[in-house]
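Working notes for the structure below.
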Amino acid sequence: MSNYKIIFTGPPGAGKTTAIGALSDIPPVKTDAASAETLGYVGKQGITVALDYGMMRLNSTDKVHLFGTPGQERFDFMWEILVQGGLGLVLLIDNTRPKPFEDMHFFLNAFKRFIHETKVAIGVTRMDLSPSPSIADYYEQIKGEHLKEMALRPPIFEIDARAKEDVSLLLQALLYSLDPGM
Ligand SMILES: Nc1nc2c(ncn2[C@@H]2O[C@H](COP(=O)(O)OP(=O)(O)OP(=O)(O)O)[C@@H](O)[C@H]2O)c(=O)[nH]1
Ligand SMILES: [Mg+2]
């Protein structure tokens with residue numbers, strides 16, 4: 001029996017809570033608080049103030065435990081706690097935010113130590129609402145900045161956080177980069 005822990009992070013509204021809910025085989029645990037900051041996000045239930053939790057069965061014995069961080073920096077004290085014992089990081093970026101590359105760089109830096117010890121996969125959400133920048137542009141950004149400094153070559157996918165299949169493919173890419181046999 002194996003238990004794996006994966007952490008989902010990214011800026012407010014990127015879809016962390018939604019993605020964990022889409023993947024989880026059990027009703028997810030959420031700590032969403034009502035906030036005016038959800039305005040403009042259709043269907044967004046609130047903002048995460050502590051964590052999200054979901055669980056996905058890989059087979060009859062192995063489980064992946066999914067933890068989501070709050071997106072807002074004022075709750076960043078949770079980030080350090082949530083990565084403990086984690087196997088890898090899913091970074092979600094909301095393509096409709098004003099500066100999605102800055103968001104990506106910010107979170108890659110904030111989780112630098114963890115990423116160094118593990119692996120990261122990047123999912124770009126809400127591309128149906130804002131198709132630009134493209135996935136190719138994201139790869140260029142990574143090449144320009146993080147590849148040299150952090151030797152980073154993460155898989156980057158377009159995903160809709162509401163779509164189980166999309167989130168599942170991204171997670172599989174992460175698990176595969178960690179251990180091709182998994
Ligand atoms: N149109 C569209 N909406 C999306 C997509 N992915 C996620 N959403 C929506 O975007 C919102 C994301 O909200 P949450 O899942 O609460 O975001 P979060 O990352 O947990 O936010 P915080 O907890 O505040 O950091 C929800 O309303 C989703 O339905 C997408 O690809 N397209
Ligand atoms: Mg959330």
Side-chain angles (χ1 to χ4, degrees), residues 5-56 64-83 86 88-111 114-115 120-139 154-174:
K5 177 180 177 184
I6 297 292
I7 294 94
F8 283 64
T9 196
K16 303 171 294 293
T17 301
T18 306
I20 289 174
L23 271 187
S24 185
D25 291 325
I26 56 167
V29 177
K30 302 179 200 177
T31 59
D32 275 359
S35 166
E37 285 156 287
T38 62
L39 286 176
Y41 286 83
V42 177
K44 187 163 160 57
Q45 306 272 302
I47 59 160
T48 301
V49 295
L51 77 160
D52 298 301
Y53 173 72
M55 188 274 285
M56 208 184 84
V64 184
H65 301 276
L66 312 162
F67 286 82
T69 73
Q72 298 206 10
E73 242 179 297
R74 61 190 158 118
F75 302 120
D76 65 0
F77 55 89
M78 284 304 297
W79 300 355
E80 281 283 313
I81 298 171
L82 289 171
V83 296
L89 187 72
V90 172
L91 172 57
L92 298 184
I93 299 295
D94 173 358
N95 221 34
T96 68
R97 286 190 20 119
K99 292 176 176 164
F101 291 152
E102 280 185 23
D103 289 336
M104 177 173 74
H105 295 314
F106 174 83
F107 279 90
L108 288 176
N109 274 316
F111 287 83
F114 180 66
I115 293 171
V120 60
I122 299 174
V124 184
T125 63
R126 302 166 65 86
M127 288 191 82
D128 53 321
L129 303 172
S130 171
S132 162
S134 70
I135 295 297
D137 296 333
Y138 278 91
Y139 277 112
I156 309 175
F157 291 4
E158 168 177 356
I159 72 157
D160 185 325
R162 300 164 297 182
K164 182 174 186 166
E165 238 179 61
D166 286 14
V167 191
S168 173
L169 276 176
L170 182 66
L171 185 67
Q172 280 174 45
L174 177 64

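In listed order, ligands and their atoms are each counted from 1. Every value quoted in this text rests on a predicted model; they were computed, and no experiment measured them.
When all heavy atoms are compared, the tightest approach of A173 to F157 is CB-CZ, 3.7 Å.
A donor-acceptor contact shorter than 3.5 Å links the side chain of S130 to the backbone of S132. Here the side chain of T31 pairs a donor or acceptor atom with the backbone of A50 at under 3.5 angstrom.
Exactly one of T18, I7, I20 qualifies for a side chain to side chain contact (heavy atoms under 4.5 Å, CB included) with D52. That residue is I20.
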Exercise answer, ligand 1 polar atom pairs (N/O) under 3.5 angstrom:
| residue | atom | partner | partner atom | Å |
| --- | --- | --- | --- | --- |
| ligand 1 | 1 (N) | D128 | OD2 | 3.0 |
| ligand 1 | 1 (N) | R162 | NH2 | 3.3 |
| ligand 1 | 6 (N) | A161 | N | 3.2 |
| ligand 1 | 10 (O) | R126 | NH1 | 2.9 |
| ligand 1 | 15 (O) | T18 | N | 2.9 |
| ligand 1 | 15 (O) | T18 | OG1 | 2.4 |
| ligand 1 | 16 (O) | K44 | NZ | 2.8 |
| ligand 1 | 17 (O) | G15 | N | 3.2 |
| ligand 1 | 17 (O) | K44 | NZ | 3.4 |
| ligand 1 | 19 (O) | A14 | N | 3.2 |
| ligand 1 | 19 (O) | G15 | N | 2.9 |
| ligand 1 | 19 (O) | K16 | N | 2.9 |
| ligand 1 | 19 (O) | K16 | NZ | 2.6 |
| ligand 1 | 20 (O) | T17 | N | 2.9 |
| ligand 1 | 20 (O) | T17 | OG1 | 2.8 |
| ligand 1 | 21 (O) | G13 | N | 2.9 |
| ligand 1 | 21 (O) | K44 | NZ | 2.9 |
| ligand 1 | 23 (O) | T48 | N | 3.0 |
| ligand 1 | 23 (O) | T48 | OG1 | 2.8 |
| ligand 1 | 24 (O) | K44 | NZ | 3.0 |
| ligand 1 | 25 (O) | K16 | NZ | 2.8 |
| ligand 1 | 25 (O) | G71 | N | 2.9 |
| ligand 1 | 27 (O) | V42 | O | 2.8 |
| ligand 1 | 27 (O) | K44 | N | 3.1 |
| ligand 1 | 31 (O) | R126 | N | 3.0 |
| ligand 1 | 31 (O) | D160 | OD1 | 3.4 |
| ligand 1 | 32 (N) | D128 | OD1 | 2.8 |
| ligand 1 | 32 (N) | D128 | OD2 | 3.4 |
| ligand 1 | 32 (N) | R162 | NH2 | 3.2 |

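Pairs passing the side-chain hydrogen bond (donor to acceptor under 3.5 Å, both in side chains) check and including a residue from residues 5-16, sequence neighbours excluded, read T9-T69.
Taking a cut-off of 2.8 Å, the protein N, O or S atoms nearer than that to the Mg ion (ligand 2) are T17 OG1, T48 OG1.
Atom CD1 of I81 and atom CG of L51 lie 9.5 Å apart (nearest 0.5 Å). Interatomic distance, CD1 of I26 versus CE of M55, reported as 5.0 Å (0.5 Å rounding).
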### Query
How far apart are the C-alpha atoms of M104 and I122, what are their side-chain angles, what is the distance that settles it, and do they pass the side chain to side chain contact (heavy atoms under 4.5 Å, CB included) test?
CA-CA 9 Å; M104 177 173 74; I122 299 174; 3.9 Å; yes
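In this structure, E73 has no side chain to side chain donor-acceptor pair (under 3.5 Å) partners at least two apart in sequence or on a different chain.
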